[in-house]
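What follows is a single structure, written as structure tokens, with notes after it.
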Number of protein chains: 2
Amino acid sequence: MNRTTETKGITQCSIFDFNLSWYELLTSEEKMLIDEHSVSINFKKGETVCKRGAFASHIYFLEEGLVKVYLEERNKNLILTLFTKNNLLGLSSVFEGNNKLPYSVSTYTDSRVRMIDIHIFRQLLQQNPEFSYRIINLLNEKTSQIYGRFFSLTQKQLHGRLADILLCLSNRIFKSKSFELPLSRADLGDLTGMSTESVIRMMKEFKDDGLIDMHCKSIELLDVARLERISEFG
Amino acid sequence: MNRTTETKGITQCSIFDFNLSWYELLTSEEKMLIDEHSVSINFKKGETVCKRGAFASHIYFLEEGLVKVYLEERNKNLILTLFTKNNLLGLSSVFEGNNKLPYSVSTYTDSRVRMIDIHIFRQLLQQNPEFSYRIINLLNEKTSQIYGRFFSLTQKQLHGRLADILLCLSNRIFKSKSFELPLSRADLGDLTGMSTESVIRMMKEFKDDGLIDMHCKSIELLDVARLERISEFG
DNA sequence: GGAAAAAACTGACTTGAAGCAATTATTTTT
DNA sequence: AAAAATAATTGCTTCAAGTCAGTTTTTTCC
């Protein structure tokens with residue numbers, strides 16, 4: 001067919017951190033319904049919010065904190081995505097076919113999670129088309145981010161994957177070129193699909209090359225342009 | 001927390017092939033609206049239905065055929081999923097934020113695709129909650145399948161990945177233990193994240209081990225139980 | 001504040017899987 | 001039906017990246 005204009009690379013950044021508001025789209029009765037059928041729970045750093053395979057009884061709204069959404073099997077771990085505050089988690093289970101949670105969630109920092117009864121949430125989806133439409137948009141946005149990560153982890157080598165994740169953390173999560181990382185090196189490994197040792201080696205290499213500065217948990221991106229090039233060329 | 005019952009492995013099968021009906025949920029006026037604002041197009045084997053980056057103007061309903069949904073960049077290819085007939089494609093672009101298509105689609109066999117005006121589709125989503133709810137379920141089902149593939153491709157080695165894909169093709173796509181494969185070895189590579197040569201070597205190995213029988217494009221699974229074990233143990 | 005545990009790091013070694021180049025088989029085209 | 005093009009296959013070589021084992025640093029918790 002005919003030539004299409006070139007678009008940006010597939011993996012610009014892929015960690016979930018946007019938040020279209022959804023609560024505002026509800027009527028006041030509906031809001032009240034949510035309020036009545038939800039509770040807000042505090043989790044300490046490192047705690048498990050929910051485990052894959054458990055029955056899905058709630059939709060989670062992360063009011064405060066930072067969490068990982070991950071899969072584990074045997075000793076293999078894969079972090080699907082990170083969520084920051086004001087995001088909805090566990091939407092996959094609104095589908096009755098998925099009555100079990102398809103992933104686990106645990107916290108990196110102290111967090112507050114509002115747990116919303118899933119039946120109420122479903123009811124609202126079925127009665128309020130605007131709300132439902134917004135949720136579709138949230139799901140789609142998330143899916144296309146997952147595609148980006150999928151591409152990154154399957155098609156790029158270590159340099160590219162690490163550059164990807166560093167850029168994401170900076171742009172999406174911490175919104176700053178320097179940040180204190182609450183994730184361990186092992187977590188970075190689960191996020192990039194590489195071994196802990198490789199993460200360490202690669203980060204040292206980035207440091208030696210003047211791409212980043214780093215003292216243990218504190219990280220600063222020094223040369224974003226070059227990191228982007230590394231991300232692009234895999 | 002308390003111990004949850006063990007669930008099945010993450011990657012049972014991950015190719016998209018279920019179809020909840022959605023058309024029936026529309027009112028007769030809505031159906032008419034769809035009919036008026038859609039056309040059915042025939043594609044020959046190997047043709048491109050749409051390319052990543054193009055403006056998303058339609059939702060696609062695959063009336064007949066087999067297609068791949070894929071990402072390409074430089075010489076890297078990744079097949080996200082395969083679709084069989086009676087499935088909706090391109091739902092990611094109902095989100096106005098994504099006015100460009102996030103992936104490309106091309107056919108493996110002669111196919112017929114109904115192209116539905118995206119504005120009409122959006123309108124229906126916003127006015128018909130049951131329809132919208134059904135679409136959410138479709139999206140969710142798809143997402144959890146993508147997670148499975150994501151895990152498979154990032155955490156398993158070649159044996160496991162090939163076993164995964166052979167089982168999927170058999171269970172979901174062809175619904176038979178023996179089938180004529182319309183995909184090339186290179187496509188199997190793009191589907192499993194391995195090189196064409198590795199696909200060939202691995203399939204030969206499976207054949208020598210009595211797991212499958214194979215003559216060029218025709219494949220038969222001989223020992224499904226063992227394939228499942230290989231899939232499970234990566 | 002000191003002991004214990006957990007992370008972070010380093011170097012040596014091994015290997016899974018990709019890349020390359022050449023050959024054979026299939027399919028398409030004329 | 002022959003020629004050309006595409007796909008499948010094989011063997012050889014290379015290297016990216018994981019594993020293992022040991023050391024140092026940092027964090028946690030009595």
Side-chain angles (χ1 to χ4, degrees), chain A residues 44-47 68 74-78 106-110 152-166 180-208 212-219 230 233-234, chain B residues 44-47 68 74-79 106 108-110 152-166 180-208 212-219 230 233-234:
Chain A
K44 288 213 281 291
K45 168 184 176 182
E47 281 190 306
K68 66 172 169 181
R74 247 162 297 279
N75 50 2
K76 306 284 189 188
N77 272 29
L78 173 67
S106 76
T107 62
Y108 278 125
T109 61
D110 293 354
S152 171
L153 294 212
T154 57
Q155 307 294 319
K156 295 182 182 180
Q157 30 192 81
L158 300 195
H159 302 80
R161 306 217 292 266
L162 185 62
D164 275 345
I165 215 63
L166 289 173
E180 287 293 311
L181 200 63
L183 327 206
S184 70
R185 302 293 192 258
D187 280 311
L188 288 180
D190 294 341
L191 210 41
T192 51
M194 58 208 254
S195 71
T196 309
E197 292 93 329
S198 292
V199 172
I200 290 165
R201 275 187 273 264
M202 209 88 284
M203 287 187 62
K204 184 170 156 49
E205 206 175 293
F206 278 18
K207 186 181 176 182
D208 292 345
I212 62 172
D213 196 10
M214 156 184 100
H215 294 93
C216 226
K217 297 284 192 180
S218 85
I219 291 178
I230 291 173
F233 288 91
Chain B
K44 286 212 282 291
K45 169 183 174 180
E47 281 190 306
K68 65 171 169 181
R74 246 163 299 278
N75 51 1
K76 305 284 188 187
N77 271 30
L78 172 67
I79 298 180
S106 77
Y108 278 125
T109 62
D110 293 354
S152 171
L153 295 212
T154 57
Q155 307 294 319
K156 296 183 183 180
Q157 28 193 86
L158 301 195
H159 302 80
R161 306 217 292 265
L162 185 62
D164 275 344
I165 215 63
L166 289 173
E180 286 294 311
L181 200 62
L183 328 204
S184 70
R185 300 295 192 256
D187 279 312
L188 288 180
D190 294 342
L191 210 41
T192 51
M194 57 208 256
S195 71
T196 308
E197 292 93 329
S198 292
V199 172
I200 290 163
R201 275 186 276 264
M202 209 89 285
M203 287 186 62
K204 184 170 155 49
E205 205 174 293
F206 277 18
K207 185 179 177 182
D208 292 346
I212 62 172
D213 196 12
M214 157 184 101
H215 294 94
C216 226
K217 297 283 193 182
S218 83
I219 291 178
I230 291 173
F233 289 90

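Chain letters run A, B, ... following the sequence lines, proteins first and then strands; every chain starts at 1. Heavy atoms only: backbone and side chains are in, while hydrogens, waters and symmetry mates are out. Since this is a predicted model, take the numbers as computed values, not measurements.
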Can you check nucleotides 13-15 of chain D for protein contacts, nitrogen or oxygen pairs under 3.5 Å, and list what you find?
none

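Here the CE-CD1 distance, from A:Met194 to A:Ile200, works out to 10.0 Å after rounding to the nearest 0.5 Å. If you take CG on A:Leu188 and CE on A:Met203, they are separated by 6.0 Å, rounding to the nearest 0.5 Å. Remark: A:Arg185 CZ to A:Ser198 OG distance equals 13.5 Å, nearest 0.5 Å. Here B:Met214 contributes atom CE and B:Leu166 contributes atom CG; the two are 10.0 Å apart, rounded to the nearest 0.5 Å. For the atom pair CG (A:Asp213) and OG (A:Ser218), the distance works out to 7.5 Å, reported to the nearest 0.5 Å.
Residue A:Ser184 places its side chain closer to C:dA7 than to any other of D:dT9, C:dC9, C:dA7.
No side-chain heavy atom of B:Leu162 sits under 4.5 Å from any side-chain heavy atom of B:Glu205. A:Lys217 has its side chain within reach of A:Ser184: a pair of non-hydrogen atoms, C-beta onward, lies under 4.5 Å apart.
For the pairing with B:Leu191, the side chain to side chain contact (heavy atoms under 4.5 Å, CB included) check across B:Leu183, B:Leu78, B:Asn77, B:Asp164 returns one residue only, B:Leu183.
In this structure, CG of A:Asp187 is placed 15 Å from P of C:dA6, rounded to the nearest angstrom. Per the geometry, CD belonging to A:Glu205 stands 15 Å off P belonging to C:dC9, to the nearest Å. Taking atom CG of residue A:Leu183 and atom C1' of nucleotide C:dA7, one finds them 14 Å apart after rounding to whole Å. Taking atom CZ of residue B:Arg185 and atom C1' of nucleotide D:dT6, one finds them 14 Å apart after rounding to whole Å. D:dA17 atom P lies 13 Å from atom CD of A:Gln155, rounded to whole Å. The distance from atom CD1 of A:Ile200 to atom P of D:dT25 is 14 Å, rounded to the nearest whole Å. Summarising the geometry, the separation between NE2 on A:His215 and P on D:dT27 is reported as 13 Å, rounded to the nearest angstrom. One atom, CG of A:Leu181, and another, P of D:dT26, lie 16 Å apart when rounded to the nearest Å.
Axis angle between the ends of the helix from C:dG1-D:dC30 to C:dT30-D:dA1, five pairs each and rounded to 10 degrees, works out to 60°.
For the pair B:Ser106 (side chain) and B:Gly46 (backbone), a donor-acceptor distance under 3.5 Å is absent. Side chain of A:Arg161 to backbone of A:Thr192: a donor-acceptor contact under 3.5 angstrom is found. In terms of modelled atom types and a separation under 3.5 Å, the side chain of A:Asp110 and the main chain of A:Lys45 share a donor-acceptor contact.
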ask   = Which parts of nucleotides 16-30 of chain C does protein reach within less than 4.0 Å, heavy atoms only, written one letter per nucleotide 5' to 3' as B for base, S for sugar-phosphate only and - for none?
value = -SBBB----------
